[in-house]
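Some notes on the structure that comes next.
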Amino acid sequence: MCCDDCVNRRKFLTMAAGGAAAAALAACGDGTVSPIGTIVTNPFGGGGGGGGGGGGSLVAKVGDYPGLATTGNLVMIAGSFVAVKRSGVNTFVAFNMSCTHAGCATDIVSNQFQCPCHGSRFDNNGKVTAGPAQSDLATLTTSYNVATDLLTVS
């Protein structure tokens, strides 16, 4: 079996968590935020070349992620391949965590992205610092509602 057919443990667990969140939301049926307070929909799972995934959006309650209280701290949103960092008091930047080399899910190590499959590295802003990846991680659109503490990533 070649590496293209493999799924690493982190990717498998992330995919399983995304499916569980979707099932919990379907059971809840209110269409706002899942019972675990993180995912409404997850269009950002995997895919080669670092593409942004399908349509839809991911909604997370910022208060559920203590790491987002600190500006510049990368935090992975549960059940997704999305990392978010606070860039200002009420502003955030989000990244698709799929490596742009072969689509593997990157890890956050020392507040930077590292690909466990082939060793690519990306800085805190998603910029390539070591190959084989040659393009930066995809940046995603964010909007934050201060009143509800909900961050929408699309």
Side-chain angles (χ1 to χ4, degrees), residues 1-26 31-68 70 72-87 91-144 150-154:
M1 175 167 63
C2 73
C3 185
D4 292 339
D5 296 325
C6 298
V7 176
N8 66 33
R9 182 177 62 208
R10 180 182 182 95
K11 187 171 185 174
F12 174 79
L13 292 173
T14 302
M15 291 185 318
L25 178 61
T32 55
V33 179
S34 72
I36 58 172
T38 53
I39 305 298
V40 171
T41 60
N42 178 17
F44 306 110
S57 41
L58 176 147
V59 178
K61 185 169 179 74
V62 172
D64 288 349
Y65 297 92
L68 290 177
T70 305
N73 191 35
L74 287 170
V75 175
M76 182 177 176
I77 302 301
S80 74
F81 291 123
V82 174
V84 175
K85 72 176 181 176
R86 183 181 289 271
S87 56
T91 57
F92 297 85
V93 178
F95 303 94
N96 181 323
M97 293 178 65
S98 297
C99 181
T100 56
H101 170 247
C104 295
T106 59
D107 297 316
I108 298 172
V109 178
S110 300
N111 208 34
Q112 297 183 10
F113 299 96
Q114 291 186 10
C115 181
C117 296
H118 303 107
S120 293
R121 295 176 189 244
F122 305 83
D123 68 13
N124 185 272
N125 295 310
K127 306 289 183 207
V128 176
T129 59
Q134 295 186 2
S135 53
D136 301 337
L137 295 178
T139 303
L140 306 169
T141 303
T142 63
S143 63
Y144 178 60
L150 293 178
L151 177 68
T152 302
V153 180
S154 53

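Along the sequence shown, the residues carry numbers beginning at 1. Side-chain atoms are counted along with the backbone in the values below, which use heavy atoms only and exclude waters and symmetry mates.
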Quick one: does any side-chain atom of [X] pair with a main-chain N or O of [Y] as donor and acceptor, under 3.5 Å?
{"X": "Ser120", "Y": "Cys115", "value": "no"}
{"X": "Thr129", "Y": "Arg121", "value": "yes"}
{"X": "Asn96", "Y": "Ser98", "value": "yes"}
{"X": "Asn111", "Y": "Gly72", "value": "yes"}
{"X": "Asn124", "Y": "Gln112", "value": "no"}

All side-chain contact (heavy atoms from CB on, under 4.5 Å) counterparts of Val75, not counting sequence neighbours: Tyr65, Leu68, Asn73
- request: Could you list the residues that satisfy side-chain contact (heavy atoms from CB on, under 4.5 Å) with Ser87, not counting sequence neighbours?
  value: Thr91, Val93
Can you give me the closest heavy-atom contact between [X] and [Y], atom names plus distance?
{"X": "Ala94", "Y": "Val153", "value": "CB-CG1, 3.7 Å"}
{"X": "Phe122", "Y": "Ser135", "value": "CE2-O, 3.5 Å"}
{"X": "Pro132", "Y": "His118", "value": "CD-O, 3.4 Å"}
{"X": "Gln134", "Y": "Val128", "value": "C-CG2, 4.0 Å"}
{"X": "Leu137", "Y": "Cys99", "value": "CD2-CA, 4.3 Å"}
{"X": "Val82", "Y": "Leu58", "value": "CG2-CD1, 4.2 Å"}

- request: For the pair Leu151 and Val84, evaluate side chain to side chain contact (heavy atoms under 4.5 Å, CB included) and give the outcome as yes or no after the intermediate values.
  value: CA-CA 10 Å; Leu151 177 68; Val84 175; 3.5 Å; yes
With sequence neighbours excluded, residues passing salt bridge (charged side-chain N to carboxylate O under 4.0 Å, His left out) with Asp123: none
query: Hey, what do you get for CZ (Phe113) to CG (Asp107), rounding to the nearest 0.5 Å?
result: 10.5 Å
message: Please report the interatomic distance OG1(Thr139) to NZ(Lys127), rounded to the nearest 0.5 Å.
response: 6.0 Å
field: Identified side chain to side chain contact (heavy atoms under 4.5 Å, CB included) partner of Phe95 from the options Leu74, Leu140, Thr106
entry: Leu74
